[in-house]
> 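Quick one: this structure, given as structure tokens, is what I'll be asking you about.
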Amino acid sequence: MDKQNLYKQFSKPLLNWFALYGRKNLPWQLPRTPYRVWISEIMLQQTQVQTVIPYFERFMQQFPSISDLAQSHEDEVLSLWSGLGYYSRARNLHQTAKKVMQNHGGVLPDNYQLLNELPGIGPSTAAAIVSQAFNQPVAILDGNVKRVLTRFFSIKGYPEQAQIKKRLWELANSCMPQEHCADYTQAIMDLGAMCCTPKNPNCLNCPLQNSCLAFKHEEQHLYPTKKIKKPLPTQYQQLLVLYNEQGHIYLEKRPPVGLWGGLWCLPNLNEGDSPLDFIRLNYDLSGETPRKLIAFKHRFSHFHLEINALSIKTKVLGKMLYEKQGKWFAKEEINSLGLAQPTSKILSFHYNMFV
DNA sequence: AACGCGGGGAG
DNA sequence: CTCCCAGCGTT
């Protein structure tokens with residue numbers, strides 16, 4: 001299909017549909033500044049709109065500008081990110097803010113290549129920023145767009161495969177019109193989220209119905225081709241809530257990269273370790289009898305975690321060791337830390353029991 | 001090319 | 001339960 005036909009059969013009806021049904025009152029659209037677009041795009045990576053909205057509002061309240069963000073401490077950023085997941089996004093966001101202050105005079109570049117080089121900003125996010133914030137004709141390729149394009153053009157094969165992905169990028173940019181670029185980017189995402197959905201797509205009300213090859217052959221459900229998934233492994237963790245006479249709780253900062261990177265977590269026992277031996281040997285603490293606090297399962301996208309949390313009231317034996325980046329925190333301090341969801345759950349359970 | 005990286009919403 | 005979401009960085 002040539003460029004002119006693509007406009008007539010794809011982009012134009014899509015833009016018309018957007019004018020009637022598209023989302024135009026999302027928080028990052030009012031106003032749609034480069035900074036707000038950037039923050040929202042990072043939060044929205046692999047995360048649904050409804051989940052992001054409250055996080056976005058809190059973030060803007062705390063960091064109204066890129067300079068505010070650059071001057072903050074990483075723990076502040078991670079605290080605002082607590083519960084949102086994929087915490088490398090928060091760390092990269094902070095790094096990018098500092099780089100923009102240092103290398104770009106505090107102004108987010110209006111250039112795809114420059115944006116793409118910044119931490120946490122890949123091809124699709126860079127395209128989202130230049131198209132939405134600067135109205136440039138550069139196409140995104142996210143989950144919504146992959147679904148719309150594979151159906152419309154009946155693209156077979158797993159979309160993450162190099163050859164298929166290259167084809168999808170080309171198609172995505174072919175469909176991007178030269179005008180109304182910001183609206184177009186929003187339009188194709190809205191169509192994917194509201195009409196061309198993974199299950200039960202609303203083809204009868206779809207603006208692209210006339211030319212959609214998947215609809216023509218009644219095989220919408222075949223696209224996009226699904227990945228073959230392996231069974232997820234299961235891990236077990238015994239976590240300790242160590243608290244002292246004052247009610248302070250001991251937490252350790254995780255290494256900067258990896259699972260829950262940079263977050264504050266509870267000490268983790270090795271399989272078969274005796275809790276009291278563990279804290280005496282590693283922390284020079286003595287403790288009262290461990291009490292079962294809570295046991296539950298936590299599901300990640302790449303493994304299952306079975307958690308068993310114990311609480312132990314402790315006394316310092318020698319001088320308290322600050323190894324493993326550990327610290328004692330009062331309850332009020334914990335509220336301003338970056339915590340993983342299971343950590344928050346265990347701690348709130350602890351506080352409910354020991355108020 | 002495959003994997004690591006969270007957590008939640010929808011069916 | 002399963003699927004998948006405004007993906008990116010590393011290996």
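Bear in mind the structure is a predicted one, so any value in this text is a computation, not a measurement. Letters go in sequence order (proteins before strands), and every chain restarts at 1.
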> Rounded to the nearest 0.5 Å, what separates atom CE in A:Met176 from atom NZ in A:Lys3?
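A:Met176 CE to A:Lys3 NZ: 9.5 Å, rounded to 0.5 Å.
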
> Determine whether a donor-acceptor pair (N or O, by modelled atom type, separation under 3.5 Å) exists between the side chain of A:Arg151 and the backbone of A:Ala214.
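Here the side-chain-to-backbone pair does not exist.
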
> Among residues two or more places apart or on two chains, list those pairs meeting side-chain hydrogen bond (donor to acceptor under 3.5 Å, both in side chains) that have a residue in residues 193-217 of chain A.
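Those involving residues 193-217 of chain A are A:Gln9-A:Ser211, A:Asn202-A:Asn205.
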
> Verify salt bridge (charged side-chain N to carboxylate O under 4.0 Å, His left out) between A:Lys313 and A:Glu245, making sure each step is shown before the conclusion.
CA-CA 7 Å; A:Lys313 188 171 181 182; A:Glu245 196 69 45; 3.7 Å; yes

> Working to the nearest 0.5 angstrom, can you tell me the gap between A:Cys175 SG and A:Tyr7 OH?
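Rounded to the nearest 0.5 Å, the SG-OH separation comes to 12.5 Å.
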
> Does A:Gln246 have more than 12 heavy atoms from other residues, nucleotides or ligands lying within 6.0 Å of its CD?
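Counting other residues, nucleotides and ligands, CD of A:Gln246 exceeds 12 neighbours.
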
> For the ring-ring contact (aromatic ring centres under 6.0 Å, His included) test, which of A:Tyr87, A:Phe329, A:Trp328 pairs with A:Trp264?
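That would be A:Phe329; it is the only one of A:Tyr87, A:Phe329, A:Trp328 passing the ring-ring contact (aromatic ring centres under 6.0 Å, His included) with A:Trp264.
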
> So which one's nearest nucleotide on DNA chain C is more toward 5', A:Ser40 or A:Asn92?
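On the 5' side of the pair lies A:Ser40.
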
> Just to be sure I understand the rule, does A:Pro224 reach a base, reach only the sugar-phosphate, or reach nothing, if contact means heavy atoms closer than 4.0 Å?
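Nothing, no heavy atom under 4.0 Å.
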
> Can you tell me how far CG of A:Leu168 sits from CD of A:Gln163, rounded to the nearest 0.5 angstrom?
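Between atom CD of A:Gln163 and atom CG of A:Leu168 there are 11.0 Å.
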
> Can you tell me how far C1' of B:dG7 sits from NE2 of A:His298, to the nearest Å?
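My rounded result for the distance is 6 Å.
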
> Roughly, in whole Å, what's the span from CG in A:Leu84 to P in B:dG6?
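The distance from CG of A:Leu84 to P of B:dG6 comes to 11 Å, rounded to the nearest Å.
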
> Quick check: on DNA chain B, is the nucleotide nearest A:Gln163 upstream (toward 5') of the one nearest A:Leu339, or the reverse? Name the residue that is more 5'.
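It is A:Gln163 whose nearest nucleotide is closer to the 5' end.
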
> For residues 172-184 of chain A, which residue pairs pass the side-chain hydrogen bond (donor to acceptor under 3.5 Å, both in side chains) check, not counting sequence neighbours?
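As it turns out, there is no side-chain hydrogen bond (donor to acceptor under 3.5 Å, both in side chains) pair with a partner in residues 172-184 of chain A once direct neighbours are skipped.
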
> Which residue is it: A:Tyr55, A:Phe56, A:Phe63? I am looking for the one with a ring-ring contact (aromatic ring centres under 6.0 Å, His included) to A:Phe59.
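So, applying the ring-ring contact (aromatic ring centres under 6.0 Å, His included) to A:Phe59 and each of A:Tyr55, A:Phe56, A:Phe63, only A:Phe63 qualifies.
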
> May I have the list of side-chain donor-acceptor pairs in residues 112-125 of chain A shorter than 3.5 Å, sequence neighbours left out?
residue: A:Ser124; atom: OG; partner: A:Leu141; partner atom: N; Å: 3.2
residue: A:Thr125; atom: OG1; partner: A:Gln45; partner atom: NE2; Å: 3.0

> Given the P atoms of B:dG4 and C:dA6, what is the spacing between them in whole Å?
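Nearest-Å result for B:dG4 against C:dA6 at atom P: 24 Å.
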
> Tell me: CG of A:Leu259 to C1' of B:dG4, nearest whole Å?
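A:Leu259 atom CG is separated from B:dG4 atom C1' by 9 Å.
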
> For DNA chain C, what residues of residues 169-192 of chain A have any heavy atom nearer than 4.0 Å?
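Within this stretch, A:Gln186, A:Met189 sit under 4.0 Å of the strand.
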
> A:Gln341 side chain N/O closer than 4.0 Å to the phosphate oxygens (OP1, OP2) of B:dG8?
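Affirmative; the distance criterion is met.
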
> Does B:dC5 have OP1 or OP2 sitting under 4.0 Å from an N or O in the side chain of A:His302?
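Yes.
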
> Which of parallel (below 30°), tilted (30 to 60°) and perpendicular (above 60°) describes A:Trp260 and A:Phe300?
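Answer is tilted, since the angle falls between 30° and 60°.
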
> Looking at residues 123-162 of chain A, who's got a heavy atom less than 4.0 Å off DNA chain C?
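Hits under 4.0 Å, by residue number: A:Pro123, A:Ser124, A:Thr125, A:Asp142, A:Gly143, A:Asn144, A:Arg147.
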
> Could you list the cluster mates of A:Tyr223? Members are the ILVMFWY residues connected by side-chain heavy atoms closer than 4.5 Å, either directly or through other members.
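Its cluster mates, by chain and number, are A:Leu222.
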
> Separation of A:Gln45 atom CD from B:dG7 atom P, in whole Å?
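Interatomic distance, CD of A:Gln45 to P of B:dG7: 16 Å.
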
> So which protein nitrogen or oxygen atoms get under 3.5 Å of nucleotides 9-11 of chain B's nitrogens or oxygens?
residue: B:dG9; atom: O4'; partner: A:Gln48; partner atom: OE1; Å: 3.1

> For A:Leu305 and B:dG6, give me the distance from atom CG to atom C1', rounded to whole Å.
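Checked: the CG to C1' distance equals 12 Å.
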
> Can you pull out the residues from residues 13-26 of chain A that lie within a 4.0 Å heavy-atom distance of DNA chain C?
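When residues 13-26 of chain A is checked for heavy atoms under 4.0 Å from DNA chain C, the hits, listed by number, are A:Arg23, A:Leu26.
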
> Rounded to the nearest 0.5 Å, how far does CH2 of A:Trp28 lie from CD1 of A:Ile39?
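The distance works out to 12.0 Å.
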
> Which part of the nucleic acid, if any, lies within reach of A:Trp28 when heavy atoms closer than 4.0 Å are counted: base, sugar-phosphate only, or nothing?
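Base contact.
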
> Would you classify A:Tyr86 as touching base, sugar-phosphate or nothing, given that sugar-phosphate means primed atoms plus P, OP1 and OP2, and contacts are heavy atoms under 4.0 Å?
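Base contact.
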
> Quick one: does A:Lys24's side chain have a donor or acceptor within less than 3.5 Å of a partner on A:Phe18's backbone?
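Side chain of A:Lys24 to backbone of A:Phe18: a pair is present.
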
> Rounded to the nearest 0.5 Å, what's the gap from CD1 on A:Ile155 to NZ on A:Lys165? Could you check?
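Reported value, rounded in 0.5 Å steps: 15.0 Å.
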
> What distance do A:Tyr250 atom OH and A:Thr314 atom OG1 have between them, rounded to the nearest 0.5 Å?
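Output value for this atom pair is 10.5 Å.
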
> Sequence neighbours excluded and cut-off under 3.5 Å, please list the side-chain donor-acceptor pairs for residues 303-311 of chain A, or say none.
none

> Taking side chain to side chain contact (heavy atoms under 4.5 Å, CB included) as the definition, give me every residue that meets it alongside A:Pro54, ordered by chain and number, with sequence neighbours left out.
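With sequence neighbours excluded, A:Pro54 shows a side chain to side chain contact (heavy atoms under 4.5 Å, CB included) to A:Arg58, given in chain and number order.
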
> Separation of A:Ile53 atom CD1 from B:dG8 atom P, in whole Å?
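It works out to 16 Å between those atoms.
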
> Could you give the start and end, 5' to 3', of the contact zone on DNA chain C for chain A, using atoms under 4.0 Å from its heavy atoms?
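That gives a stretch of C:dC3 to C:dG9.
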
> Provide, to the nearest angstrom, the distance between the OH atom belonging to A:Tyr55 and the P atom belonging to B:dG8.
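Atom-to-atom, A:Tyr55 to B:dG8, this comes out as 7 Å.
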
> Would you mind reading off the distance between A:Leu263 atom CG and B:dC5 atom C1', rounded to a whole angstrom?
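So the two atoms are 12 Å apart, to the nearest Å.
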
> Under a single-linkage definition using a 4.5 Å side-chain heavy-atom cutoff for Ile, Leu, Val, Met, Phe, Trp and Tyr, are A:Leu232 and A:Leu259 assigned to the same hydrophobic cluster?
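Unlinked, A:Leu232 and A:Leu259 end up in two clusters.
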
> Looking at residues 227-235 of chain A, who's got a heavy atom less than 4.0 Å off DNA chain C?
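Nucleic-acid contacts, sorted: A:Lys229.
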
